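Structure record follows, encoded as structure tokens.
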There are 2 protein chains.
Amino acid sequence: MTSTSSRHDEATPEADAEPRWLTPAQQVHWRAYLLGSARLNEALTRQLEAEAGLSLSEYEILVRLSEVPGRTVRMSELADALVFSRSRLTHTVTRLERRGLVERRTCSADGRGVNCVMTDEGFDLLRDAAPGHVRAVRAHLLDLLTDEQFAVLGEAMAAVVRGPAGIEGDCKGQPSA
Amino acid sequence: MTSTSSRHDEATPEADAEPRWLTPAQQVHWRAYLLGSARLNEALTRQLEAEAGLSLSEYEILVRLSEVPGRTVRMSELADALVFSRSRLTHTVTRLERRGLVERRTCSADGRGVNCVMTDEGFDLLRDAAPGHVRAVRAHLLDLLTDEQFAVLGEAMAAVVRGPAGIEGDCKGQPSA
DNA sequence: ACACGTTGCTTGAGCGTTCAACCACACGGC
DNA sequence: GCCGTGTGGTTGAACGCTCAAGCAACGTGT
């Protein structure tokens, strides 16, 4: 998928300074990445859904909230930290709020701002959900890799996060938008 | 996100043979993975959408079709190869068909089967779309990594695809379902 | 004090994926 | 021949995300 190769249009004559296709080896790795990341995502999503009734996004929000004193974070900060669009965060928090895991509180000191506060229920749910999630991460990723491999993977993805060197259009902050 | 750490519940007394949390280093890598894969996906999705009006799923289907003689693949094979649910494939192919990029043809030799055939239009579109996609893959992934790193990444993800050693519940075939 | 642009968040429509039925054909036993 | 089971594929509702529009409060200039 998402290829990159072509049996129809081999290496083009134009100087191969900017190669049009991937080498076979690159293709194999690229496809492995696509497949693997899809599978991993799916496995974690299912596990969380089954054991805690949470989506990954919801889980990430709860985790973030649990990490700060007061379990309170402003919507915009939350969105930036998780690299969610504001709209996405609004929708997801609305769902969490309906379930009583989180509360909205208008921000003193800035009438526009909204603070997202984790309730005790939310905290308890996260506490119960976390071990299973960690187990899943281990089972589907960590335990399958050597420490070496995992470290390289982490560094590689960190490079991806940093993004292409000179870009202006789609670098950081809001998911490009 | 998706943590794995806890400032509230340190190492539990129970033999730490099965550690409950990730080490700080592991956390860093894990978060990098989550962020990076999200970003990469987004970048590629946007690029394809903008330049060819295709989603990644649609693109993958076209690629697969373009790779076989006759540009014809049975729905179920397509689903297995791409690791799409059957339903997802049906919907996506329906959209592609409406745009004239693909045709459905009932399968001789098995009345239930349906063959998915790429039209010339579909092929032309893919041909036009591919270079831009490859460029994006390079810009957002390949060019940011050393060959070493990319190779390790590929192998690591291949291990993920293979999955946990002894599982019966959710290994291959249909996305677990 | 007031208009203006900006920032923070929400809203609703549209789209793609999932899930749970569901139909249609194939293959086996009888 | 005819049921029953299994397989291939489709359908429609629910759900989550995106996008574009909207509203409300801040801040600045005049």
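Keep in mind that what you see is a predicted model, and the values were worked out from it rather than measured. Note on naming: letters A, B, ... go to the chains in the order of the sequence lines (proteins, then strands), and numbering restarts at 1 for each one.
Per the geometry, CD belonging to Glu77(A) stands 16 Å off P belonging to dT7(C), to the nearest Å. For the pair Phe84(A) CZ and dC9(C) P, the computed distance is 15 Å after rounding to whole Å. Atom CD in Glu58(B) sits roughly 12 Å away from atom P in dC15(C) (whole-Å rounding). Rounded to an integer number of Å, the gap from CG of Asp110(A) to C1' of dA24(D) is 11 Å. Here the C1' atom of nucleotide dG16(C) and the CG atom of Leu82(B) are 16 Å apart, to the nearest Å. When rounded to the nearest whole Å, the span between CG of Leu56(B) and C1' of dC15(C) equals 15 Å. In this structure, Glu60(A) atom CD and dG16(D) atom P are separated by 15 Å, rounded to whole Å. One interatomic measurement links the two molecules: CG of Asn41(A) to C1' of dG16(D), which rounds to 14 Å at whole-angstrom precision.
Salt-bridge annotation for Glu103(B) and Arg105(B): present, with a side-chain N of the basic residue lying under 4.0 Å from a carboxylate O of the acidic one. A salt bridge links Asp120(B) to Arg71(B): at least one charged side-chain nitrogen sits closer than 4.0 Å to a carboxylate oxygen. Of the charged side-chain nitrogens involved, none lies within less than 4.0 Å of a carboxylate oxygen, so that Glu60(A) and Arg64(A) do not count as a salt-bridged pair.
There is no path of hydrophobic side-chain contacts, each under 4.5 Å, that joins Val28(B) to Leu153(A).
Residues that satisfy the side chain to side chain contact (heavy atoms under 4.5 Å, CB included) test with Arg112(B), not counting sequence neighbours, are Asp110(B).
Looking at which nucleotide of DNA chain D each of Ser55(A) and Arg104(B) is closest to, the 5′-most match is held by Arg104(B).
The side chain of Arg86(B) places no N or O atom within less than 4.0 Å of a non-bridging phosphate oxygen (OP1 or OP2) of dA21(C). OP1 or OP2 of dT17(C) has at least one side-chain nitrogen or oxygen of Ser57(B) nearer than 4.0 Å. Neither OP1 nor OP2 of dT7(C) sits under 4.0 Å from any side-chain N or O of Arg112(A). Distances shown here put every side-chain N or O of Ser87(B) at or beyond 4.0 Å from the OP1 or OP2 atom of dT11(D).
Residue Val152(A) belongs to a hydrophobic cluster whose other members are Val152(B), with links defined by side-chain heavy atoms closer than 4.5 Å.
Annotation: proximity of residues 88-97 of chain A to DNA chain D (heavy atom, distance under 4.0 Å) is found for Arg88(A), His91(A), Thr92(A), Arg95(A), numbered in ascending order.
Of the candidate nucleotides dT10(D), dT10(C), dC19(C), dC19(C) has the atom nearest to the side chain of Arg46(A).
Using the six-membered ring where Trp is involved, Tyr59(B) and His133(B) have ring planes that are tilted, between 30° and 60° apart.
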